[in-house]
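Report on one structure; see the data block that follows.
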Amino acid sequence: MIPNVLSIAGSDPSGGAGIQADLKAMSANKTFAMAAITALTAQNTQGVTGIELVPPAFVKQQIATIFEDIRVDAVKIGMVATAHIAEAIADALEEHPDVPVVLDPVMVAKGGARLLSGDAVAALRSRLVSLATVITPNLPEAADLLGVSTAKSRAEMEEQATQLQSFGAKAVLLKGGHLEGDESPDLLMSDAGATWFEGARTKTSNTHGTGCTLSATLASHLANGADLTTAVAASKAFIAAAIAGADRLSVGHGHGPTHHFSELWSK
């Protein structure tokens with residue numbers, strides 16, 4: 001039986017991030033992909049030029065309608081944009097506590113545009129983090145959630161991941177791609193302790209949507225029954241291959257997308 005995974009996120013018409021990236025990543029990782037849209041954006045590989053929000057009540061209605069008819073095996077949450085939308089998502093998902101939830105706290109687009117309002121950070125922290133099986137912030141997002149400076153070392157990553165877990169998430173996957181150096185280590189902090197996932201950094205500007213892709217992939221592996229450690233390892237391998245294969249694409253003139261189907265399409 002093929003699992004069903006629901007993405008709750010914003011739309012990226014250029015196809016590299018948001019809902020579009022999630023649908024590709026979920027499909028590539030052997031799940032049936034579904035989507036509830038929180039916002040429409042006008043963006044390309046060079047930046048975001050406009051955002052139109054979906055009314056919170058309609059966001060909740062989209063989610064509720066899916067659950068009324070379809071078995072949902074995992075949920076990924078991406079761009080929530082505002083406090084009211086965060087509250088609507090929390091209200092909808094609190095009725096389904098047994099479904100794994102991957103929360104990617106999308107705050108800033110690759111081009112620098114702010115995608116999460118200030119008051120939404122508090123709502124995300126108070127309502128959505130506690131619903132999450134795992135949250136997947138990068139280092140600037142973790143710092144934003146905690147109100148501290150961005151981690152610059154593995155020791156600081158461990159400290160911040162522990163602080164984030166205290167907000168109520170069952171686990172934290174803190175992505176170390178913003179650290180300096182040739183390595184891109186990620187840290188999984190859970191009740192079992194700290195587990196590091198190592199990886200070499202691929203030198204490319206085509207990294208648009210990497211966070212969306214990783215979190216969607218992680219939700220897919222959880223939906224397929226993998227334990228969290230195995231799911232993280234598989235997801236990191238998938239995003240590494242998608243980044244490594246990104247230069248085979250020719251999309252835009254800025255931060256291009258990753259290649260979600262690099263392992264499926266012939267070279």
Heavy atoms only: give me the nearest R125-D144 pair and the separation to one decimal. NH1-O, 4.2 Å
Does a donor on one side chain and an acceptor on the other come within less than 3.5 Å for Q20 and S11? yes
Taking only residues at least two apart or on different chains, which pairs with a member in residues 146-163 satisfy salt bridge (charged side-chain N to carboxylate O under 4.0 Å, His left out)? R154-E198
With ring pair (Phe, Tyr, Trp, His ring centres under 6.0 Å) as the rule and sequence neighbours excluded, what pairs involving residues 12-48 come up? none
Is there a donor-acceptor pair under 3.5 Å between the side chain of D104 and the backbone N or O of G78? no
State the OG1-CG distance between T195 and D186, to the nearest 0.5 angstrom. 12.0 Å
Could you list the residues that satisfy side chain to side chain contact (heavy atoms under 4.5 Å, CB included) with S190, not counting sequence neighbours? A171, A192
If you measure only the distance, is there a donor-acceptor pair under 3.5 Å linking the side chains of S7 and K76? no
Is there a donor-acceptor pair closer than 3.5 Å between any side-chain N or O of T45 and the backbone N or O of G254? yes
Contact summary for D227 and T229, nearest pair of heavy atoms: OD1-N, 3.2 Å
Without hydrogens or angle criteria, can the side chains of T41 and D12 be said to hold a donor-acceptor pair below 3.5 Å? no
Quick one: which residue pairs count as a ring pair (Phe, Tyr, Trp, His ring centres under 6.0 Å) with a foot in residues 51-79, not counting sequence neighbours? F67-H96
Judged by atom type as modelled, is there a donor-acceptor pair below 3.5 Å linking the side chain of T38 to the main-chain atoms of V80? no
E263 atom CD, over 12 foreign heavy atoms within 6.0 Å: no
Contact list for residues 116-154, test ring pair (Phe, Tyr, Trp, His ring centres under 6.0 Å), sequence neighbours left out: none
Would you say F261 ends up clustered with L249 if hydrophobic residues are merged whenever their side chains have heavy atoms under 4.5 Å apart, either directly or through other cluster members? no
Is there a path of hydrophobic side-chain contacts, each under 4.5 Å between heavy atoms of I/L/V/M/F/W/Y residues, joining V99 to I89? yes
Between I2 and L23, is there shared hydrophobic-cluster membership here, with clusters defined by ILVMFWY side-chain heavy atoms closer than 4.5 Å? yes
Got a sec, which residues hit side chain to side chain contact (heavy atoms under 4.5 Å, CB included) with A234, two or more places apart in sequence or on another chain? H221
Do Q46 side-chain atoms and H255 backbone N/O form a donor-acceptor pair below 3.5 Å? no
Smallest separation among heavy atoms of L53 and A39, with atom names: CD2-CB, 4.0 Å
May I ask whether W196 and L139 are part of the same hydrophobic cluster, defined by side-chain heavy atoms of I, L, V, M, F, W, Y residues being less than 4.5 angstrom apart, directly or through others? yes
With sequence neighbours left out, the residues meeting ring pair (Phe, Tyr, Trp, His ring centres under 6.0 Å) with H259 are W265
Look at the side chain of D73 and the backbone N and O of A223, then say whether any donor-acceptor pair between them is shorter than 3.5 Å. no
Set of residues satisfying salt bridge (charged side-chain N to carboxylate O under 4.0 Å, His left out) with respect to E87, sequence neighbours excluded: R127
Exercise: identify the closest heavy-atom pair between I19 and A36: CD1-O, 4.0 Å
Could you list the cluster mates of M26? Members are the ILVMFWY residues connected by side-chain heavy atoms closer than 4.5 Å, either directly or through other members. V5
With E95 via salt bridge (charged side-chain N to carboxylate O under 4.0 Å, His left out) - residues at least two apart: none
Contacts of K24 that satisfy salt bridge (charged side-chain N to carboxylate O under 4.0 Å, His left out) - sequence neighbours left out: none
Does T31 use its side chain to pair, donor to acceptor, with the backbone of A33 at less than 3.5 Å? no
For S235 against A231, the heavy-atom pair lying closest together: OG-O, 2.7 Å
Would you check if the side chain of N44 reaches a backbone N or O of G47 as a donor-acceptor pair within less than 3.5 Å? yes
Go through V129 and L164 one step at a time and tell me if the side-chain contact (heavy atoms from CB on, under 4.5 Å) criterion holds. CA-CA 9 Å; V129 169; L164 286 171; over 6 Å; no
Linked hydrophobic residues, V102 as query - side chain contacts closer than 4.5 Å: V134, L173, L188, F197, L214, L218, L222, L228, V232, I239, I243
